[in-house]
Number of protein chains: 2
Amino acid sequence: MSPAKSERTRARILDAAASLFAAKSFDGVSMRAIAREAGVDPALIHHYFGSKDDLFDEVLSRGASPDSLIERVTSFPRHEWGEELVRAALGLMESPAGPALRAVMRSGIASHPDLLRRFVGDRILRLLVGHLDGPPEQRAKRAVLVGSQFVGIFVAKYLVRMEPMASMPREEVVQLVGPTIQRYLTGELPSAAVDDGGAQ
Amino acid sequence: MSPAKSERTRARILDAAASLFAAKSFDGVSMRAIAREAGVDPALIHHYFGSKDDLFDEVLSRGASPDSLIERVTSFPRHEWGEELVRAALGLMESPAGPALRAVMRSGIASHPDLLRRFVGDRILRLLVGHLDGPPEQRAKRAVLVGSQFVGIFVAKYLVRMEPMASMPREEVVQLVGPTIQRYLTGELPSAAVDDGGAQ
């Protein structure tokens, strides 16, 4: 297969996977169904992407591109990171990648915590940790606090659709939640809490 | 049936339901299975509790008792509510009611958003709203922000078990997240965001 053709086949598989993952849960989608939707042989999916987990990861990364999101946010002055991160994260959830992201959150929370942990922890929070100041344990705590506030907003706004969060305009969420994220990222944290490395 | 016997039967049904809901998902538990576990006729469950939704609600309220939790927290000075609410909420998740609460969160997020919305929104946040100051729309926003941060902490700490949140001691979470909750409850919120009632 020529490189261009191979690239088109990859893209077709990713499109098919994204639309199926978005419509159903992670468990409800078989590799065979993705192959059928993409019009390719199932073996080709394994050849390009490995396991279903890996394919899912690829679908999310293509839409979400955590690297470019974090790069963009950290190009702003440090005291604006909180608001910019909320703005970027909500933008992502409301982008074409949104449905697949909601699907991973839903499946991840319900039955694939390992998948969600890997995607959020290894792909997003680890990138963020690299931009923060302080000792590693403190930076890891900051990142997981940021992650927890985002998970909560996503669940309330997009999955459970709890009002008045569900219909709150993006810029209002930015203003309300931005300062929380900013404090987690760069604010003073209680010294006892950040110094003992999480010891009981 | 005598009042005492009827009370014991109710308790036996609630115990059976709690242990089954905790072990499986909401969907995985039938009224028939609860009846079998409790050693009663399925019709008796309908008689006492109505639908499975109602029974689930009752199981959670018995364990969680949102009323007493909110009463206890609001008996503290207002500037301590943030920390006290985190302390009480984590205490509840680590109490015997914890497994059933995790089950409702898991099922609710995955497939019963209405159930979760009703339980969190109508049972917990509405109580909280009654204790806050300001116009109703502003109080509703404060409450849903509080709810979103708690959902995020619960998902990260208990459902997905994301480190370093999963093994973080309760008092450390209280110190780190308390100020966020305090700001959402009683802090200055951006005036544009709270004055326009959520209009675009």
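Contacts of B:E171 with chain A are absent, with no heavy-atom separation under 4.5 Å from either backbone or side chain. In this structure, the portions of B:R117 lying under 4.5 Å from any heavy atom of chain A include both its backbone and its side chain. B:V177 touches chain A through backbone and side chain together, each having a heavy atom under 4.5 Å away.
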Does the side-chain contact (heavy atoms from CB on, under 4.5 Å) test come out yes or no for B:I109 and A:M105, once each step is laid out?
CA-CA 9 Å; B:I109 292 171; A:M105 285 203 57; over 6 Å; no
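Shown here for A:Y184 and B:T180, the closest heavy-atom pair between the two residues is OH-OG1, 2.7 Å. Taking both residues in full, the closest heavy atoms of A:P113 and B:L159 are given as CB-O, 3.8 Å, listed atom of the first, atom of the second, then distance. Across all non-hydrogen atoms, the minimal contact from B:L116 to A:M162 is O-CE, 4.4 Å.
Of residues 145-154 of chain B, those residues lying under 4.5 Å from chain A by any heavy-atom pair are B:L145, B:S148, B:Q149, B:V151, B:G152, B:I153.
The cluster map of Ile, Leu, Val, Met, Phe, Trp and Tyr, joined by side-chain heavy atoms under 4.5 Å apart, puts B:V129 and B:L127 in different clusters.
Side-chain contact between B:R183 and A:R183: absent, with no pair of heavy atoms (C-beta onward) separated by less than 4.5 Å. Side-chain contact between B:K141 and A:E172 is present, with at least one heavy-atom pair separated by less than 4.5 Å.
For chain B, the option among A:A143, A:A156, A:A140, A:G178 with the highest count of heavy-atom pairs below 4.5 Å is A:A140. Most heavy-atom pairs under 4.5 Å with chain A: of the set B:G108, B:P179, B:G187, this distinction falls to B:P179.
A search for side-chain hydrogen bond (donor to acceptor under 3.5 Å, both in side chains) contacts involving B:E83 returns nothing, not counting sequence neighbours.
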